[in-house]
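Computed over heavy atoms, backbone and side chain alike; hydrogens, waters and symmetry mates excluded.
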Amino acid sequence: MRRRELLGAIAGATAATTLSACGQKDEQAPAASAEPQKTYEWKMVTTWPKNFPGLGTGANNVAKLINEMSGGRIKVKVFGAGELVGAFEVFDAVSRGNAQLGHAGAYYWKGKIPSAAFFSSVPFGLTANEMNAWLYYGGGMELWEEAYKPFGLIPNPAGNSGTQMGGWFNKEINSVEDLKGLKMRIPGLGGEVLKRAGGVPVTLPGGELFPSMQSGALDATEWVGPYNDLAFGFYKVAKFYYTPGWHEPGTTMECMINEAAFKELPADLQSIVRNAIKVANLEMLAEYTARNQQALHTLITKHNVQLKSFPDEVLKQLKALSEEVVEEEAQKDDLSKRAWASQKAFREQVSKWTHVSEQEYIRARGL
């Protein structure tokens with residue numbers, strides 16, 4: 001190196017040192033490289049067929065939101081029913097830590113947790129908006145978390161189907177007598193009500209419903225509503241489609257989190273997971289509201305499905321039986337008792353507002 005160049009280099013280094021000492025940064029100096037952030041590989045198991053419209057895609061949406069909102073720091077892989085575990089093995093799989101997330105309906109677990117159905121849907125209970133209001137602002141979440149805590153699980157509402165349909169029947173329902181001996185797929189407390197009315201409730205996962213109706217093993221089935229029912233092709237095995245879904249007026253879907261896995265996350269990722277599931281909760285209800293009438297129109301006009309309403313006398317009898325069943329169910333343990341007392345009081349309060357707001361507006365809109 002020439003002498004002039006050497007002196008210039010020494011001068012430059014001295015100037016940089018002086019600026020640094022005075023608290024000024026050399027903008028040319030490269031920033032210190034940050035350590036790479038830890039990433040987490042999570043599995044989600046579901047009770048739904050893979051990619052099934054509304055429910056299966058709702059599970060996919062939870063995973064997508066977590067992946068995107070975390071910037072890829074959490075990568076969730078979704079497994080449909082039967083891919084990793086059976087549909088009704090989801091609860092145990094997440095509880096044991098074999099998967100970190102489970103997308104399902106809480107009423108499937110009433111054999112393990114007597115109060116579980118109260119966090120999904122109760123016959124003649126809360127609508128979708130009312131259910132969200134109870135969970136988020138009426139004390140419902142605290143009770144739900146208490147119910148799942150012994151199993152190492154954190155529950156979250158992850159979607160809602162809105163008011164469901166009453167189901168598909170291979171004969172008309174003109175009286176309560178027509179329910180006697182009827183073999184119907186209907187889970188949760190609704191199944192207990194049907195049993196008390198003389199029917200035979202059957203619990204089956206979604207993928208087994210069509211062949212069971214086709215073979216005659218079932219006389220009737222409920223699933224969700226037009227959007228899902230059209231996809232399953234129930235119009236090919238039954239023509240009578242009944243409304244309303246008295247047994248599931250606003251069914252909350254869940255995304256349960258393995259508590260140990262959740263606690264391993266830093267605080268920002270914990271917040272992202274919980275809030276991603278909240279976004280999915282909102283989006284599923286919006287999708288069902290948008291899609292159901294489109295699908296119902298197709299069922300009636302293209303597939304000649306006969307849309308029927310349950311007679312008022314049948315609904316009155318089912319409502320009376322529902323009150324009996326739910327009250328008895330609430331006595332099974334302390335948490336069930338408290339959950340029903342909370343929800344019942346909230347229903348009494350919120351239904352008055354629903355009546356003077358939405359119900360009266362809908363009446364006015366139809367004038």
Side-chain angles (χ1 to χ4, degrees), residues 105-151 153-164 186-194 196-197 244-256 274 277-278 281-282 284-285 312 315-363:
Y107 52 25
Y108 289 139
W109 324 126
K110 74 184 188 74
K112 300 175 183 294
I113 304 173
S115 62
F118 293 107
F119 307 110
S120 187
S121 190
V122 171
F124 293 95
L126 301 175
T127 65
N129 284 331
E130 292 169 345
M131 191 70 181
N132 278 333
W134 176 63
L135 289 170
Y136 292 136
Y137 292 98
M141 279 308 307
E142 291 82 356
L143 291 162
W144 197 0
E145 288 173 355
E146 182 181 344
Y148 278 32
K149 180 73 174 178
F151 299 89
L153 296 171
I154 302 171
N156 298 267
N160 199 299
S161 62
T163 302
Q164 297 194 4
I186 178 170
L189 298 181
E192 296 298 324
V193 175
L194 177 69
R196 194 156 301 194
W246 56 270
H247 59 299
E248 296 192 46
T251 307
T252 295
M253 308 303 163
E254 68 178 357
C255 184
M256 63 188 92
R274 297 297 290 263
I277 298 172
K278 268 192 176 182
N281 187 36
L282 167 68
M284 184 186 288
L285 179 58
D312 286 351
L315 290 172
K316 287 178 182 178
Q317 183 63 21
L318 290 172
K319 183 180 179 183
L321 293 173
S322 294
E323 292 296 325
E324 291 178 10
V325 166
V326 176
E327 290 291 346
E328 290 176 14
E329 198 74 18
Q331 302 308 313
K332 289 191 173 180
D333 68 355
D334 176 66
L335 189 51
S336 296
K337 189 174 184 177
R338 288 187 286 120
W340 175 230
S342 172
Q343 191 175 121
K344 187 178 181 181
F346 191 85
R347 183 182 67 175
E348 176 66 21
Q349 172 237 308
V350 78
S351 62
K352 294 175 181 177
W353 170 244
T354 302
H355 176 76
V356 300
S357 58
E358 292 188 26
Q359 192 170 328
E360 279 300 300
Y361 170 70
I362 290 170
R363 185 191 66 81

Looking at Arg274 and Glu145, is there a salt bridge between them, counting it only when a charged N and a carboxylate O are closer than 4.0 Å? yes

Where is the tightest heavy-atom contact between Ala116 and Ala106, given as atom of each residue plus distance? CB-O, 3.2 Å

Taking side chain as C-beta onward, heavy atoms only, is Pro157 less than 4.5 Å from Met141? yes

Drop me the distance from Glu254's CD to Tyr148's OH, to the nearest 0.5 angstrom. 3.5 Å

What's the spacing between Leu321 CG and Trp246 CH2 if we round to 0.5 Å? 8.5 Å

Atom CD in Gln359, atom CH2 in Trp353: separation rounded to 0.5 Å? 13.0 Å

Starting from the C-alpha separation in whole Å, work towards a yes-or-no answer on side-chain contact (heavy atoms from CB on, under 4.5 Å) for Glu130 and Thr354. CA-CA 9 Å; Glu130 292 169 345; Thr354 302; 2.6 Å; yes

My understanding is that only one of Ser120, Pro123, Pro187 makes a side chain to side chain contact (heavy atoms under 4.5 Å, CB included) with Glu248; could you say which? Pro187

Heavy-atom closest pair (Ala117 atom, Val122 atom, distance to 0.1 Å) is O-CG2, 4.2 Å

Answer whether the closest heavy-atom distance between the side chains of Tyr136 and Lys278 falls below 4.5 Å. yes

Regarding Asn281 and Asn132, is there a side-chain donor-to-acceptor distance under 3.5 Å anywhere? yes

Electrostatic pair Asp334:Arg338 at N-O distance under 4.0 angstrom: yes

Backbone N or O of Thr251 within a donor-acceptor pair of the Asn160 side chain at under 3.5 Å? yes

Exam field: side chain Asn129 to backbone Thr127, donor-acceptor pair closer than 3.5 Å: no

Specify the closest pair of heavy atoms between Met131 and Phe119, including all atoms of both residues, with the distance to one decimal. CE-C, 3.6 Å

Are any side-chain N or O atoms of Ser115 and backbone N or O atoms of Ser336, one a donor and one an acceptor, separated by less than 3.5 Å? no

Considering all heavy atoms of both residues, which atom of Thr163 and which atom of Pro249 are nearest to each other, and what is their separation? OG1-O, 2.8 Å

Without swapping roles, check the side chain of Gln343 against the backbone of Phe118 for a donor-acceptor pair under 3.5 Å. yes

What distance separates His247 NE2 from Glu192 CD, expressed to the nearest 0.5 Å? 14.0 Å

At their closest point, which heavy atom of Pro114 faces which heavy atom of Lys112, and how far apart are they? CD-O, 3.9 Å

Could you tell me which residues satisfy side-chain hydrogen bond (donor to acceptor under 3.5 Å, both in side chains) with Ser351, sequence neighbours excluded, listed by chain and number? none

What's the spacing between Gln317 CD and Ser322 OG if we round to 0.5 Å? 10.0 Å

Do the side chains of Glu327 and Lys344 get close enough for a salt bridge, i.e. N-O under 4.0 angstrom? yes

Any ion pair linking Glu146 and Lys149 (charged N to carboxylate O, less than 4.0 Å)? no

Can you confirm whether Phe151 sits close enough to Trp109 that some side-chain heavy atom of one is under 4.5 Å from a side-chain heavy atom of the other? no

Quick one: pull up CG in Leu153 and CD1 in Ile113 and give me the separation to the nearest 0.5 Å. 7.5 Å

Minimum heavy-atom distance Phe124-Leu315, with the two atoms named: CZ-O, 3.6 Å

